[in-house]
Structures are given as structure tokens and as C-alpha cells.
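Only heavy atoms go into these numbers, but all of them, side chains included; no hydrogens, no water, no symmetry mates. A note on names: the letters A, B, ... follow the listed sequences, proteins ahead of strands, and every chain is numbered from 1.
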Amino acid sequence: MKHAGVLLLTGFGAMAVSWASLILVPQLQLGRADMAPVTGGTDLYPQPRPGLATRGAEVYRANGCHYCHSRQVQQEGVAVDVVFTEVGTNQAAVLDAFKALGLNLADNPLTGLPRDLMREVSKERAETAEKTLADAGAKSLVRIRATGPDMERGWGQRGSVARDYLQDRSVLLGSVRLGPDLANIGVRQPDPAWHLRHLYAPGEVVKGSTMPPYRFLFEERRIQQAPARDALQLPEALAPGEGLEIVPTDDARALVAYLLSLRSDVPLFEAPFTGGATMAAASTNNVAP
Amino acid sequence: VLLAASVLMGLSGLSALLTRRSAAMYPSQWFAGLGMLWFPWIYSTALLLLQVWPVRGITQAAVHGWYGAHLQVVLLGLLGLAAVFYCVPVLKQATLYSRELALFTLVGVLLFGGWVGLAYTVPLPAWMGAIGKVMTLFLLLPVWATVLNLRRTRGTADAGPELKFFSFGILALLIFGVLLAFTRVVPSGERLNFTVAQQALSVLLVAGFSGVIGLGGAYFILPRIAGRPLPSPGLVRLHFWIAALAVVLMAVALFAGGFPHGARLVDAQVPFNEVARAYLMSIRMTSLGETLWILGALLFAVNVMRLILALAVGHVRQLVQGPAPAPTLAEVRA
């Protein structure tokens with residue numbers, strides 16, 4: 001090749017095309033996104049983080065938490081269920097409605113409400129069931145539920161969407177799950193004391209945890225007149241000596257504030273769900289980082 | 001500082017390119033020339049859009065994916081291939097089989113390489129992930145063209161231990177391309193999302209391709225700059241085997257570990273602590289591989305320090321005894 005100019009133009013063109021496609025176009029498509037109302041309400045989502053949590057995001061980044069934890073819930077699909085909530089006054093009509101809907105009546109469906117009447121049916125069939133039951137004087141609701149292993153683990157009620165990251169100064173999605181997903185850790189573990197103990201001694205809080213302890217985020221000091229309010233309550237094996245206490249540094253408090261702010265638990269237009277099982281009810285095996 | 005340094009490097013490379021005496025350019029010059037211009041652009045884009053004036057929300061992930069692909073696949077690819085296309089024919093004492101194939105490789109890396117960094121799990125518009133998947137398939141074309149070109153560059157000379165580094169690097173690049181396409185396109189490969197197998201890809205590209213070829217390039221150029229052979233050719237061979245073992249150990253352990261890791265991740269009945277057990281052995285093997293890599297680096301350092309020492313002694317001796325005749329190329333190669 002004798003023409004360096006042609007070579008340079010080729011390179012420039014290739015770079016320009018990928019730059020325009022992967023940087024400019026997403027910016028045009030998503031760059032102007034703003035807070036949006038939560039489905040069925042007037043609250044706007046996502047709200048800006050409090051100052052301490054914003055600082056905690058920097059601690060999260062500085063300690064490389066995103067190398068082991070993702071912050072993106074994966075959703076594989078959507079299921080539509082019918083939840084039976086009230087029998088009403090005419091039980092015979094409700095039983096007839098069940099027959100009309102072709103439902104199995106063997107297990108006395110009028111007790112133990114609310115209960116799932118139909119699971120993973122089409123939207124049309126769910127709406128027909130809701131109307132048929134309403135005509136019989138009973139009440140039911142159609143539940144839209146996100147599906148996938150992440151939901152089954154209780155890591156979220158819906159998949160993560162672009163709007164969830166609107167208030168992040170640094171978006172740290174993580175690409176490997178050596179620890180659980182943290183997109184909703186603030187919902188699953190709302191107790192700051194739990195997080196502080198877990199950062200100090202992960203293996204003590206979660207048996208078999210592979211997470212390293214972050215003890216440099218704490219300081220051991222002599223108890224002043226009375227123990228500090230946020231001094232760690234530790235088992236005897238980890239407790240400091242007589243007259244000493246372990247207290248979190250500002251970085252530890254900020255990191256916990258950030259972790260508690262991680263919650264994408266509201267339905268949005270682009271990520272709908274209605275009244276699914278709460279994440280707190282999910283298996284405790286999957287809750288702890 | 002890094003940006004300013006890269007701009008200066010790019011400008012000096014560009015001026016050298018534009019003021020060259022011979023109009024004809026060797027394929028390695030195409031790759032190296034473009035590589036030097038690449039970094040200032042991608043680095044300034046990432047710096048401005050992620051640090052100085054960060055773009056909003058999830059669009060940062062697009063910038064990050066774009067930068068990652070351009071850095072690891074395009075930039076390191078261009079520089080590594082520049083070394084390959086220069087050193088391999090010289091070591092084999094042969095002419096490169098096809099300049100056209102080399103040009104195809106160049107254009108292919110430029111066109112397809114920058115698109116493969118975006119994981120489709122990221123909540124960005126679906127078309128971006130879809131294009132990324134297609135591009136991982138297209139990226140196999142320039143990789144295969146490189147393999148073909150180098151295989152058909154047949155020489156008669158005994159190529160020496162440095163050639164092993166380049167051959168291994170190209171093999172790592174080929175395996176990287178195939179595994180990347182597997183994880184992105186094949187449904188069972190998608191189960192490797194969020195697993196340690198993703199790190200196997202980085203190991204193959206950064207250590208296996210760029211790192212090993214960088215070492216080969218250093219072993220190629222040092223005796224030529226110094227004007228004398230490396231003091232311990234045996235250490236070069238040993239370094240190759242240690243570096244190759246390190247890369248193979250890390251890549252195999254991480255990729256193989258990705259399957260049980262992924263299988264347990266998608267089974268919600270498996271407690272997360274059990275998920276962690278699936279990848280622990282991979283992480284331990286990776287630590288062993290990294291230790292081997294460091295050991296190899298120490299061998300390299302020993303060889304280079306001995307070379308510098310020999311040079312210094314030679315200069316002192318020259319000052320004392322007067323100039324000695326320069327070694328011939330055959331002596332250097334020996």
C-alpha cells in the first residue's frame with residue numbers, strides 16, 4: 001500500500017462509524033431520559049440519592065465491589081397469574097364460575113385467600129377469568145410477574161432497565177457474579193447493622209461466605225464514657241479486648257448508606273409487574289452477599 | 001499525562017509515516033501506525049464522557065463497552081499484529097505470504113473489533129446487543145485470515161525460540177475469537193454470562209495474545225538493539241513454556257469453571273454459597289497461573305539485567321582496550 005492517506009481514512013471511517021453507533025446514538029436515544037412516574041402512582045422514580053449514599057458509591061467503586069457483584073437483574077419473560085382475593089356473598093355462583101373456567105375444584109378453592117387461582121396463563125384468559133369471577137360477585141386480580149432465575153432467587157421483582165441507573169454518577173453494572181446481585185440489596189437487607197457486621201466479618205454473618213473482610217473500613221478504639229451507638233456487636237471470638245470497641249469509619253457508613261439505597265422495586269411503564277411475592281420472602285440462602 | 005503522552009506518540013508516529021523515504025509501506029507499519037493514532041481518540045472519549053463530563057445513566061455502559069472493545073480488541077490487536085507481521089517473516093527469513101490478506105485482517109479488525117465489547121445483558125437498546133453478537137462472528141474472519149497468512153509464510157531458516165511466542169499468541173487470539181462467538185451466539189454459551197468464563201476471554205486476549213506477543217517482541221528486539229545476543233537463550237525457552245503454561249492454566253480453569261458456575265446460578269434452588277463453591281477451584285488455579293506468569297517475568301528481568309550488565313561491561317572494556325569489531329547478524333542470532 002503506497003497511500004497512507006487511504007489507510008488513515010479507512011481507520012477514521014471505521015472508528016467514526018462505531019463511535020456514532022455505540023456512543024452518539026444511545027446518547028440520542030437514552031441521554032434525555034428523566035425521572036418517570038411509578039406505575040399506578042404519582043411518585044417519580046428514581047429519586048436522587050442522599051449525600052452520604054452518593055459518597056458511598058465512590059467507596060463502592062474504590063473497593064472494587066463491582067468486580068464480584070453485579071447490579072443488573074436479568075429477566076427472561078413475563079408470566080400472568082390470576083389471584084383469587086375475595087369470595088363475595090354468592091359462593092354457589094363462584095363455584096359455577098370456576099366450573100365455567102375449567103378450574104379444578106378438588107382442593108376447596110374458597111378458603112385460604114388470597115391464593116393463586118391460575119399461574120402462567122395468557123393475558124386474555126386471565127382477563128376472562130377476572131371478569132367471570134367479578135360477574136359471580138367474587139374479586140380477583142391479574143398479577144403480572146417477571147420471570148427468570150434472578151426473580152426466583154429474590155434478587156428483584158423485575159429486570160433492570162435503563163431508568164434504574166439515572167441517578168448514578170458512575171454506573172457500575174458488574175459482569176461477574178462471584179457474589180449475589182446487589183440491584184435490590186437495600187430491599188432484601190434493610191438493616192444497616194447487618195451490613196456493617198457483614199463488611200467486618202462476612203463469614204460470621206453468612207456461613208461459608210467467600211467475601212473478604214473489609215476491616216480497614218472500621219477502627220478499634222477505647223470506649224469513651226459509653227459504647228458508641230453504632231459500635232459492632234460481635235461474637236466473642238471477634239470481639240475487641242476489654243474496654244475497646246469496633247466502630248465504622250465514615251467510609252463504612254457511606255458504603256452502607258449506598259447499599260441501602262440500591263433498590264429498583266417499583267413498577268415502571270417499561271418494566272411492569274403487579275403484586276408479586278416480596279423479595280424479603282425469598283429464600284434466605286440467596287439474600288446475603 | 002497519559003493522554004498528552006499518547007497524543008505526542010501518535011503525532012510523532014504520524015509525522016514519521018508522512019515523511020517516510022519509501023512510498024511503499026510494510027503491513028506492520030499499517031497496523032502500528034493506526035494503533036498509535038487509536039489510543040488518543042478512544043482514551044480522550046472515555047476520559048471526557050466517563051470522568052470529566054460523565055454522560056447520564058446507562059449510556060455510560062455503552063461508552064465503557066465501546067472503550068473496552070477498542071482498547072483490548074482493536075488497539076492491542078493492531079499493536080500485537082504489527083509485531084507479528086514484522087517479526088514472523090524476519091524470524092522465518094521469508095516474505096509474508098500475502099499483503100492482501102494482511103490488509104483484509106487490518107480492515108476486519110478495524111470494522112468489527114470495536115463492536116464486540118458490549119454485553120447484551122446490559123439494559124441498553126436491544127439492537128446494540130444484537131449487532132455485537134453479529135460482529136463477534138465477523139471478527140472470526142480477520143483472525144482466520146491472520147492464521148492463514150502466517151501458516152503460509154514458509155521459511156527455510158531455523159526460526160529460533162522467539163517464534164514460539166508469536167505462534168502461541170496467534171493461537172490464543174484464534175481461541176479467543178471462537179470462544180467469544182460461542183459465549184455470545186450459541187444458546188448454551190449464554191449460560192456463561194456472569195460467570196468466571198468471562199474472565200477466561202480477557203486472559204486469552206490480554207495475557208495470551210498481547211502479553212505473550214509483547215514478550216516475543218521484546219526478545220526479538222533486545223538483541224538487535226543491544227547488538228549482542230541475550231545472555232541466556234535457555235531462559236527464553238523456559239520463559240515461553242512458563243508463560244504458555246500460565247495462560248493455558250488460567251484460561252482452561254476459568255472457562256471450564258464457568259459451566260458449573262453458570263449452571264448453579266440459573267438454578268434458584270441452589271443456595272448462593274453452593275454457587276460460590278463452583279468457581280473456587282478456578283480462582284485458585286488462576287492464582288497459580290498468575291504466580292507462574294510473575295515467575296516468567298522474573299526470568300525476563302534476569303535476562304535483561306544480564307544483557308544490560310554485559311553491555312556495561314563491554315563499554316567499560318571498550319574504553320579500556322579500544323573498539324572491538326561489531327558482531328555480525330549471524331552471531332547475534334546465534
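Note on Asp168(A), Leu173(A), Asp181(A): by heavy-atom pairs under 4.5 Å with chain B, the leading option is Leu173(A). Interface remark: of the candidates Ser70(A), Pro149(A), Ser18(A), Ser18(A) forms the most heavy-atom pairs closer than 4.5 Å to chain B. The candidate from Ser21(A), Gly174(A), Gly159(A) with the greatest count of non-hydrogen atom pairs under 4.5 Å with chain B is Ser21(A). Looking only at heavy-atom pairs under 4.5 Å with chain A, the residue among Leu50(B), Leu124(B), Thr45(B) that has the most is Thr45(B). When Gly117(B), Pro125(B), Ala276(B), Gly114(B) are compared by the number of non-hydrogen pairs under 4.5 Å with chain A, Pro125(B) comes out ahead.
Contacts of Tyr86(B) classified as side chain to side chain donor-acceptor pair (under 3.5 Å), with partners at least two apart in sequence or in another chain: none.
Side-chain contact annotation: Gln72(A) with Trp155(A), donor-acceptor N/O pair under 3.5 Å absent.
Counting only residues at least two apart or on different chains, no side-chain hydrogen bond (donor to acceptor under 3.5 Å, both in side chains) pair has a member in residues 197-206 of chain B.
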Set out, in order, the CA-CA distance, both residues' side-chain angles and the distance that settles side-chain contact (heavy atoms from CB on, under 4.5 Å) for Met128(B) and Gln29(A), then state yes or no. CA-CA 12 Å; Met128(B) 297 177 74; Gln29(A) 207 169 345; 5.8 Å; no
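Using a 4.5 Å cut-off between heavy atoms, Leu37(B) contacts chain A through its side chain alone, with no backbone atom that close. When heavy atoms are compared at a cutoff of 4.5 Å, Thr121(B) approaches chain A by way of both its backbone and its side chain. Within the 4.5 angstrom heavy-atom criterion, atoms from both the backbone and the side chain of Trp38(B) approach chain A. Within the 4.5 angstrom heavy-atom criterion, atoms from both the backbone and the side chain of Leu110(B) approach chain A. Using a 4.5 Å cut-off between heavy atoms, Leu166(A) contacts chain B through both its backbone and its side chain. With a 4.5 angstrom heavy-atom cutoff, Leu49(B) touches chain A only via side-chain atoms. For Val275(B), the part lying near chain A is the side chain, with the backbone staying farther off; criterion is any non-hydrogen pair under 4.5 Å.
A 4.5 Å side-chain heavy-atom check between Leu79(B) and Phe31(B) finds every atom pair outside the cut-off. Residues His198(A) and Met211(A) meet the side-chain proximity criterion, which asks for heavy atoms closer than 4.5 Å.
Figure legend: cation-pi geometry between Arg177(A) and Phe194(B), with NZ or CZ positioned under 6.0 Å from the six-membered ring centre and within 45° of its axis.
Pairing each heavy atom of Ala62(B) with each of Leu118(B), the nearest pair is CA-CD1, 3.9 Å.
Below 4.5 Å, heavy atoms of chain A meet heavy atoms from Trp66(B), His70(B), all part of residues 65-73 of chain B. Within residues 51-60 of chain A, no residue has any heavy atom under 4.5 Å from a heavy atom of chain B.
Under the 3.5 Å distance criterion, the side-chain polar atoms of Glu274(B) are left unmatched by any main-chain donor or acceptor of Pro271(B).
At most 12 heavy atoms of other shown residues, nucleotides or ligands fall within 6.0 angstrom of atom CZ in Phe138(B).
How far CD of Gln75(A) is from OG of Ser160(A): 9.5 Å, rounded to the nearest 0.5 Å.
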